[in-house]
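Here is the structure we will look at.
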Amino acid sequence: MIKKFLFSSLIAICTLSAAFAQTKTKEPGKELTDPDNLASQYFSQVMGVAVDATSNLKLYKFVYEWIGTPYSFGGNTKKGIDCSAFTKAIYDKVFNTTIRRNSRDIFSMVDPLSKEDLKEGDLVFFKIKSRSISHIGIYLGDNRFAHASSSRGVVISNLNEPYYSRYFYKGGRILESFKKDFTVE
C-alpha cells in the first residue's frame, strides 16, 4: 500500500514538474527540472543504484512494481513467481525479447561475462549448492541485481554479499541472434 502511494506520488510530481516546465520561460543560467531525471533519482535511492546507472526507467519501474512478490516455484504471476519467470517477464515487457523459461536454457542464449563487465540489463547466473546453474537475476548496476529469491520473493540484492559472491557463476548478455530470431517452442 505504501509502495503504491509512493509510486503514485512520484508520477504526480513528475507530471506536475513537466507541466510547470512547459509553461515556465527559461531564465538565463537556470536549468529546468527534467521529470525523467526525477524518476531516475527516485529509483536510484529506492534501489540503491547510482543515478548515472539508472538509464532504463522502464526496467526500474518494472522491478519496483514486482518488489515483494512472493516466490513460488514454477509461478509466473504477482501471486507468486520464480527467478526464471521473473527474468523472462522483464525481458518480454522491458526489452521486447523472448527468452527461454529456465536459467540453464537462458544461459545457452548469452555471451558469458565476468562481474566486471556487467551492464544494466545483463543477466547474472548462480550455481547455488549445485553443479549446474540454479538461479538467475537481472543486473541493475553498482553490483545490484533484481531476482526472485526463494526465501524473500522479488528483491534487490548485492553481488558482493557473501552468499551471492560465493555462488556467483557468470554474467551474460543475450546474443543478438536470439534477440531477433528466437521463437517460443
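Excluded from the calculations below are hydrogen atoms, water molecules and symmetry mates; all remaining heavy atoms, backbone and side chain alike, are included.
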**Prompt:** Between Asp92 and Thr97, is any pair of side-chain heavy atoms under 4.5 Å apart?
**Reply:** no
**Message:** Using modelled atom types and a 3.5 Å cut-off, is there a donor and acceptor pairing between side-chain atoms of Glu65 and backbone atoms of Phe62?
**Reply:** no
**Prompt:** Yes or no on salt bridge (charged side-chain N to carboxylate O under 4.0 Å, His left out) for Arg173 and Asp111, after CA distance, side-chain angles and deciding distance?
**Reply:** CA-CA 5 Å; Arg173 191 167 297 142; Asp111 182 19; over 6 Å; no
**Asked** For the residue pair Ala148 and Tyr71, what are the closest heavy atoms and their distance?
**Response** O-CD1, 3.7 Å
**Message:** Whether the side chain of Tyr91 engages the backbone of Gly121 through a donor-acceptor N/O pair (distance < 3.5 Å, no angle test) should be reported.
**Reply:** yes
**Request:** First locate atom CG of Asn96, then atom OG1 of Thr98, and finally report the distance between them rounded to the nearest 0.5 Å.
**Result:** 7.5 Å
**Chi angles and distances behind the ring-ring contact (aromatic ring centres under 6.0 Å, His included) call for Tyr163, Tyr167** = CA-CA 7 Å; Tyr163 181 82; Tyr167 294 114; 5.1 Å; yes
**Asked** Once you round to the nearest 0.5 Å, how far does CG of Leu123 lie from CG of Leu113?
**Response** 9.0 Å
**Asked** Does His147 reach the side chain of Val154, with side-chain heavy atoms less than 4.5 Å apart?
**Response** no
**Item:** Spacing of OG belonging to Ser165 relative to CZ belonging to Phe126, to within rounding of 0.5 Å
**Value:** 9.5 Å
**Complete:** In terms of heavy-atom contacts, Gly75 and Ala85 come closest through O-CB, 3.3 Å
**Item:** Backbone N/O of Asn143 and side chain of Tyr139: donor-acceptor pair under 3.5 Å
**Value:** yes
**Request:** Would you check if Leu118 and Leu159 make a side-chain contact, meaning some heavy-atom pair closer than 4.5 Å?
**Result:** yes
**Request:** Check whether any side-chain heavy atom of Val124 sits under 4.5 Å from a side-chain heavy atom of Ile136, and report yes or no.
**Result:** no
**Message:** Any heavy-atom pair between the side chains of Ile138 and Asp122 that's under 4.5 Å?
**Reply:** no
**Any donor-acceptor pair under 3.5 Å from Lys88 side chain to Ile99 backbone** = yes
**Complete:** All heavy atoms of Ser134 vs all of Cys83, minimum pair found to be O-SG, 4.4 Å
**Prompt:** So, do Ile90 and Val63 sit near enough that their side-chain heavy atoms are less than 4.5 Å apart?
**Reply:** yes
**Prompt:** Any sub-3.5 Å donor-acceptor pair from Arg104's side-chain atoms to Ile133's backbone N or O?
**Reply:** yes
**Item:** Check: Ile81 and Trp66 side chains under 4.5 Å, non-hydrogen atoms
**Value:** yes
**Item:** Any side-chain heavy-atom pair of Glu120 and Leu59 under 4.5 Å
**Value:** yes
**Interatomic distance, Asn158 atom CG to Arg144 atom CZ [nearest 0.5 angstrom]** = 5.0 Å
**Asked** Which of these, Phe107, Tyr164, Phe168, sits in a ring pair (Phe, Tyr, Trp, His ring centres under 6.0 Å) with Phe125?
**Response** Phe107
**Message:** Counting only heavy atoms from other residues, nucleotides and ligands, does the tally under 6.0 Å from NZ of Lys115 exceed 12?
**Reply:** yes
**Asked** Can Ser108 and Asp105 be said to form a side-chain hydrogen bond (donor to acceptor under 3.5 Å, both in side chains), step by step?
**Response** CA-CA 5 Å; Ser108 71; Asp105 289 343; 5.3 Å; no
**Asked** Given the rule in the ring-ring contact (aromatic ring centres under 6.0 Å, His included) test, do His135 and Phe145 qualify, once you have shown the distances and angles that lead to the verdict?
**Response** CA-CA 12 Å; His135 189 61; Phe145 68 103; 7.1 Å; no
**Prompt:** Which other residues belong to the hydrophobic cluster containing Val155, where Ile, Leu, Val, Met, Phe, Trp and Tyr are joined when side-chain heavy atoms lie under 4.5 Å apart, directly or via other members?
**Reply:** none
**Item:** salt bridge (charged side-chain N to carboxylate O under 4.0 Å, His left out) partners of residues 71-86, not counting sequence neighbours, each pair once
**Value:** Asp82-Arg101
**Prompt:** Should we say atom NZ of Lys127 is surrounded by more than 12 heavy atoms from elsewhere, each under 6.0 Å from it?
**Reply:** yes
